[in-house]
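Please read all numbers here as calculations on a predicted model, not as lab measurements. Within every chain, numbering begins at 1; the chains are lettered A, B, ... in the order of the sequence lines, protein sequences first and strands thereafter.
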Number of protein chains: 2
Amino acid sequence: MATIKDVARLAGVSIGTVDRIIHNRGRFASGTARRVKQAIQDLDYTPDIRARNLSLSRKCRIAVLMPSGEQDSGYWQLPLGGMKRALAELASSHVSADFFHFDRYNAETYRAAFARMSESEYDGYIVAPLLAAETEKMFEDIYQNKPVVFFDTDIKSAPRYSFIGQNSKDAGRLAAKLTNLMTRGCKKRIVAVTPDAENEHLLYRLDGFTEKAELPVTIFRLPAEGKALKNRLEELKGLIREEVCAVYVTDSSAHVIAELLEREKLSDRVNLLGFDMVPDNVSYLQKGVIDFILTQRPVDQGVLSIQTLYKKVIIGTDSEDEQFLPIDIITLENMKTFADGRF
Amino acid sequence: MATIKDVARLAGVSIGTVDRIIHNRGRFASGTARRVKQAIQDLDYTPDIRARNLSLSRKCRIAVLMPSGEQDSGYWQLPLGGMKRALAELASSHVSADFFHFDRYNAETYRAAFARMSESEYDGYIVAPLLAAETEKMFEDIYQNKPVVFFDTDIKSAPRYSFIGQNSKDAGRLAAKLTNLMTRGCKKRIVAVTPDAENEHLLYRLDGFTEKAELPVTIFRLPAEGKALKNRLEELKGLIREEVCAVYVTDSSAHVIAELLEREKLSDRVNLLGFDMVPDNVSYLQKGVIDFILTQRPVDQGVLSIQTLYKKVIIGTDSEDEQFLPIDIITLENMKTFADGRF
DNA sequence: TGCCTTTGCGTTTACGTTAACGCAAAAGCG
DNA sequence: CGCTTTTGCGTTAACGTAAACGCAAAGGCA
């Protein structure tokens with residue numbers, strides 16, 4: 001491997017000159033530049049990253065703005081775990097992160113977390129921009145000179161460096177295909193359960209599903225918690241008992257329906273399909289109450305978010321504008337190959 | 001982040017002494033060692049890998065011994081691609097590899113490739129040890145002082161550093177579950193097509209399948225090529241036409257059966273399930289002739305093989321003895337999320 | 001011609017770690 | 001007691017790159 005010294009020798013100049021020409025900094029004669037560039041080509045010279053970073057003593061301080069881990073049945077623990085793992089691996093490369101959590105159903109906490117984050121300056125930002133309206137303007141200033149990565153949800157109108165996530169419509173279509181398979185011969189309906197709160201990518205999961213489903217689909221909205229939830233579940237129970245052969249849940253709360261099915265001894269007759277390997281879902285999958293879980297590798301999303309900023313800030317290489325992860329199908333038989341938390 | 005200088009200052013010694021104590025090299029007084037270790041603890045000091053590697057000017061030359069890319073319907077291109085990608089990313093960290101390919105159906109070429117590989121010395125080895133009997137002894141000497149990674153197939157009796165691959169029995173079970181789903185209501189049989197040649201992990205894929213299949217399974221052995229293959233296919237055709245509702249193929253050659261089904265217009269009536277996203281399989285999946293493809297992330301296997309050696313040789317951290325990858329289920333609806341070659 | 005500015009480039013230090021080298025003090029030995 | 005050996009530890013060069021600094025030569029101007 002050629003070093004900057006070899007280049008300098010071949011071009012007949014000093015390493016300082018080579019460095020200046022590489023970085024287009026300071027002053028140099030155009031003829032010299034040509035010779036140096038030729039030498040770089042001839043020797044196939046690439047700077048040694050280790051030496052570069054050592055010399056720059058670059059650090060990468062990252063700010064992460066996301067919901068607290070427990071929300072959505074513990075879903076956010078998954079990307080969080082991925083980030084922590086990636087950070088541990090990159091710790092000796094001077095990559096570190098501060099986490100700012102908010103309540104995704106409370107815009108005020110989002111703004112507060114953002115404010116706390118803004119107190120220091122970071123080299124890069126990772127954000128789950130769940131509150132579209134609030135996010136639009138927030139990152140405009142920051143984006144001027146620091147990379148901002150969105151994960152989970154994309155906001156096309158907001159400025160960002162890269163998006164890491166899922167293609168939700170395809171996920172819905174896939175769910176429909178599996179549901180069709182399971183309900184072959186069944187003459188009743190499918191219930192699609194989706195949260196009360198508006199969320200763009202859950203809408204896509206519904207759209208894709210209804211597009212491909214071969215049985216009639218009844219959409220059933222469910223509040224997040226409390227008495228309203230209880231009442232609605234009671235209603236749902238009646239519906240399921242009578243005329244339903246499968247239930248599709250668009251978010252990570254399939255375990256709520258699973259509990260209902262189990263209690264009412266409906267689980268043999270009614271197929272259930274949901275999203276995300278949160279602990280409650282995993283245990284109902286294991287019992288056979290949930291038939292399929294789809295995921296979009298939330299842990300990998302976390303890992304990739306950190307790595308994307310590391311590459312940008314420390315190595316200096318750019319990533320794709322959109323980074324989609326595969327949609328995985330998980331069932332009783334392959335769950336344990338996913339289960340060690342690495343996926 | 002604390003440096004060795006800080007440690008030295010706190011312990012009241014020079015950096016040379018600290019270094020000697022860290023590496024347990026040369027001579028030092030036991031009292032000094034205690035003080036230095038305390039200081040390391042107090043400051044939470046970890047050596048900077050970049051500086052360490054720069055100083056050691058460590059290189060990692062890797063030898064890869066595997067079948068040539070075209071074999072097995074182009075399967076080996078997949079891990080090969082993963083290795084190339086990982087190598088490209090690590091190029092400026094002085095990781096490089098030489099590839100030695102063989103014909104997996106010809107033991108002589110395996111030995112020849114091994115001999116060529118043995119002409120130089122490498123810092124690490126990646127091997128697809130498909131010929132169990134030959135491999136047993138081969139790596140004993142090498143393993144004495146260099147890490148050897150097996151991928152795809154494990155040989156428990158041979159010495160190795162780590163294995164990267166799949167749990168084949170689980171894959172078979174999963175295949176059975178999906179086949180059961182697809183053939184619900186069908187009263188005929190399933191044909192399990194498997195290559196003539198002996199291969200341990202294909203046996204496991206059969207075992208797992210027959211264990212969980214709900215219909216009777218007929219095992220049908222297929223030669224690799226030539227006239228024998230043609231005759232056997234003719235035979236298979238008769239079998240399928242009469243009394244079969246699904247075909248399960250244990251290796252990457254599902255496309256051979258797919259072609260047969262398509263030609264004989266049997267694809268609507270007979271379900272087909274196979275392994276590996278090789279180009280031919282992908283196109284039959286797209287046409288709907290193949291219903292499901294299972295994979296064990298061959299590309300990731302390649303990436304992980306390189307990374308495992310990089311971590312061992314350059315960073316100095318050990319990996320697990322066995323590294324299993326998740327079993328993925330791929331169908332028409334989620335195939336495009338896998339299709340960009342990154343998975 | 002003398003002085004000042006600009007241009008082009010070489011020199012040097014720093015980044016943090018490793019490891020060779022060698023010096024002083026202590027210990028061993030006749 | 002004087003000599004050699006051992007012990008303990010400090011100093012230093014090297015890894016490859018970045019960037020500040022400053023020197024010499026050339027050019028500009030009166």
Identify which nucleotide among [options] has an atom closest to any side-chain atom of [X], counting heavy atoms from C-beta outward.
X: A:P47; options: C:dG10, D:dG8, D:dT17; answer: D:dT17
X: B:L56; options: D:dA19, D:dG8, C:dT18; answer: C:dT18
X: A:R27; options: D:dG10, C:dG8, C:dG10; answer: C:dG8
X: A:K5; options: D:dC15, D:dA19, D:dG10; answer: D:dC15

Rounded to the nearest Å, what distance is computed from the [atom1] atom of residue [X] to the [atom2] atom of nucleotide [N]?
X: B:I315; N: C:dT17; atom1: CD1; atom2: C1'; answer: 14 Å
X: A:D6; N: D:dC15; atom1: CG; atom2: P; answer: 11 Å
X: B:D19; N: D:dG8; atom1: CG; atom2: P; answer: 17 Å
X: B:Y45; N: C:dT18; atom1: OH; atom2: P; answer: 6 Å
X: B:I22; N: C:dA19; atom1: CD1; atom2: C1'; answer: 13 Å
X: A:R9; N: C:dG10; atom1: CZ; atom2: C1'; answer: 16 Å
X: A:R58; N: C:dG16; atom1: CZ; atom2: P; answer: 15 Å
X: B:H94; N: D:dG16; atom1: NE2; atom2: P; answer: 7 Å

Output the distance between atom [atom1] ([X]) and atom [atom2] ([Y]), rounded to the nearest 0.5 Å.
X: B:R35; Y: B:T32; atom1: CZ; atom2: OG1; result: 5.0 Å
X: A:F151; Y: A:I126; atom1: CZ; atom2: CD1; result: 7.5 Å
X: B:K312; Y: B:C60; atom1: NZ; atom2: SG; result: 11.5 Å

If you find the nucleotide of DNA chain C closest to B:L54 and the one closest to B:G16, which residue's nucleotide is nearer the 5' end?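 It is B:L54, whose closest nucleotide lies nearer the 5' terminus.
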
Taking for each residue the nucleotide of DNA chain C with the nearest heavy atom, is it A:A29 or A:I15 whose nucleotide lies nearer the 5' end?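 Result of the comparison: A:A29.
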
Would you tell me if any nitrogen or oxygen in the side chain of [X] comes within less than 4.0 Å of OP1 or OP2 on [N]?
X: A:T17; N: C:dC9; result: no
X: B:H23; N: C:dT18; result: yes
X: B:S55; N: D:dA14; result: no
X: B:T32; N: D:dC9; result: yes
X: B:R25; N: C:dA19; result: yes

For B:F100 and B:A63, work out which heavy atoms get closest and say how close.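 In terms of heavy atoms, the two residues are closest at CE1-CB, 4.1 Å.
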
With heavy atoms under 4.0 Å as the rule, sort [X] into base, sugar-phosphate or nothing.
X: B:D48; answer: sugar-phosphate
X: B:R52; answer: sugar-phosphate
X: A:R50; answer: nothing

Measure from NZ or CZ of B:K156 to the centre of the six-membered ring of B:F150 and say whether it is under 6.0 Å with the direction within 45° of the ring axis.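 Relative to the ring axis of B:F150, which defines the angle, B:K156 lies outside at least one limit.
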
If you assign B:S57 and A:R20 each to the DNA chain D nucleotide with the nearest heavy atom, which residue ends up on the more 5' nucleotide?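 First, find each residue's nearest nucleotide; the 5'-ward one identifies B:S57.
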
Hey, which sits more toward the 5' end of DNA chain D by its nearest nucleotide, A:I4 or B:I21?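 Taking each residue's closest nucleotide, the earlier one in sequence belongs to B:I21.
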
With sequence neighbours left out, what residues match B:F114 under ring-ring contact (aromatic ring centres under 6.0 Å, His included)?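 Partners of B:F114 by the ring-ring contact (aromatic ring centres under 6.0 Å, His included) criterion, ordered by chain and then number, come out as B:F139.
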
